[in-house]
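I have placed the structure first, in the form of structure tokens, so that the comments after it can refer back to it.
Start at 1 with the first residue, then count along the sequence. Keep in mind the model is a prediction, meaning the values are calculated, not measured.
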Amino acid sequence: MARTQFDSLDCKILQRLSLNARKPFLEIARECNVSGAAIHQRTQKLLQSGIIEGFESYISPSAVGYDTCAYIGFILNDPAQSDRVVSELKSIPEVVECHTTTGKYDLFVKLFAHNNDHLLHIIHDKIQPIQGGRTETLISFKEEFRRQVPIEQTSEK
């Protein structure tokens with residue numbers, strides 16, 4: 001998607017929603033000095049245009065028993081098999097992200113496991129059978145931070 005030009009109200013809405021997707025439209029409206037209806041209409045426009053892809057709640061993985069976060073890089077023997085591998089990775093519930101990349105890896109995934117034994121089970125029983133190449137696994141000790149992309153204020157014409 002090409003970069004879209006936003007006016008200052010769009011930027012303010014996006015900035016506030018990126019910090020708290022559950023922030024009430026009326027509160028955003030007060031902060032932006034416009035009506036609640038204006039915020040609602042703009043948010044609908046941002047949703048319909050695909051700028052806002054949706055609203056989600058982020059569940060703490062460790063709070064629901066997933067204490068191990070790992071990243072796996074896939075080096076495929078035949079990169080033409082990428083679509084098949086991605087499709088099969090999508091069927092593994094513990095895999096939460098999958099990226100096609102440049103550099104050393106053809107694919108890079110993020111997954112959560114209950115513990116290291118569960119991670120080993122996922123790798124041996126679910127991941128190794130589907131890919132035609134090799135993998136490298138990195139275990140994350142701790143997420144230091146996570147954030148949305150910055151929303152920059154544009155100058156209006």
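- In this structure, SG in C69 is found 7.5 Å from CD in E143, a value given to the nearest 0.5 Å.
- The cationic group of R42 does not satisfy the cation-pi geometry with F6, failing either the under 6.0 Å distance to the six-membered ring centre or the 45° limit from the ring axis.
- Between atom CD of residue Q41 and atom CD1 of residue I13 there is a gap of 10.0 Å, rounded to the nearest 0.5 Å.
- Not a single donor-acceptor pair under 3.5 Å links the side chain of S87 to the backbone N or O of D83.
- Pairing each heavy atom of C11 with each of I151, the nearest pair is O-CG2, 3.9 Å.
- Put simply, the side chain of D106 gets close to the backbone of L76: a donor and an acceptor are under 3.5 Å apart.
- For the pair F112 and I122, the tightest heavy-atom approach, listed with the atom from each and the gap, is O-CD1, 4.1 Å.
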* Starting from the C-alpha separation in whole Å, work towards a yes-or-no answer on side chain to side chain contact (heavy atoms under 4.5 Å, CB included) for I52 and L47. => CA-CA 5 Å; I52 296 175; L47 275 163; 3.6 Å; yes
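- Residue S91 holds its OG atom at 8.5 Å from NZ of K126, rounded to the nearest 0.5 Å.
- The cluster map of Ile, Leu, Val, Met, Phe, Trp and Tyr, joined by side-chain heavy atoms under 4.5 Å apart, puts L119 and I127 in the same cluster.
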* To do: Evaluate the criterion side chain to side chain contact (heavy atoms under 4.5 Å, CB included) for residue pair F108 and I72; output intermediate values, then yes/no.
  => CA-CA 6 Å; F108 201 71; I72 300 179; over 6 Å; no
* Asked: After noting the C-alpha distance and the side-chain angles of I75 and L107, does the key distance pass the side chain to side chain contact (heavy atoms under 4.5 Å, CB included) rule?
  -> CA-CA 7 Å; I75 303 165; L107 298 171; over 6 Å; no
* Asked: Please walk me through it: do Y105 and E136 pass side chain to side chain contact (heavy atoms under 4.5 Å, CB included)?
  -> CA-CA 9 Å; Y105 305 115; E136 290 185 7; 2.7 Å; yes
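- Taking hydrophobic clusters as Ile, Leu, Val, Met, Phe, Trp and Tyr residues chained together by side-chain heavy-atom distances below 4.5 Å, V64 does not share a cluster with L111.
- The ring of Y66 has its center closer than 6.0 angstrom to the ring center of H114.
- Distance check, rounded to the nearest 0.5 Å: CZ of F74 to OG1 of T100 gives 11.5 Å.
- In this structure, a donor-acceptor pair under 3.5 Å is absent between the side chains of E97 and Y71.
- The residues E31 and K12 are annotated as not salt-bridged, no charged nitrogen and carboxylate oxygen being separated by less than 4.0 angstrom.
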* What's the verdict on salt bridge (Lys or Arg N to Asp or Glu O under 4.0 Å) for E27 and R30, showing C-alpha distance, side-chain angles and the deciding distance? -> CA-CA 5 Å; E27 192 174 328; R30 278 192 291 276; 5.1 Å; no
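- Minimum interatomic distance between I130 and V85 (heavy atoms only, all atoms of both residues): O-CG2, 4.0 Å.
- Remark: Y58 OH is packed, more than 12 non-hydrogen atoms of other residues, nucleotides or ligands lying under 6.0 Å away.
- In this structure, CG in D78 is found 9.0 Å from CZ in R84, a value given to the nearest 0.5 Å.
- Residues V86 and C98 share a closest heavy-atom pair of CG2-SG, 4.1 Å.
- Taking CD1 from I123 and CD from E94, the interatomic distance works out to 11.5 Å, rounded to the nearest 0.5 Å.
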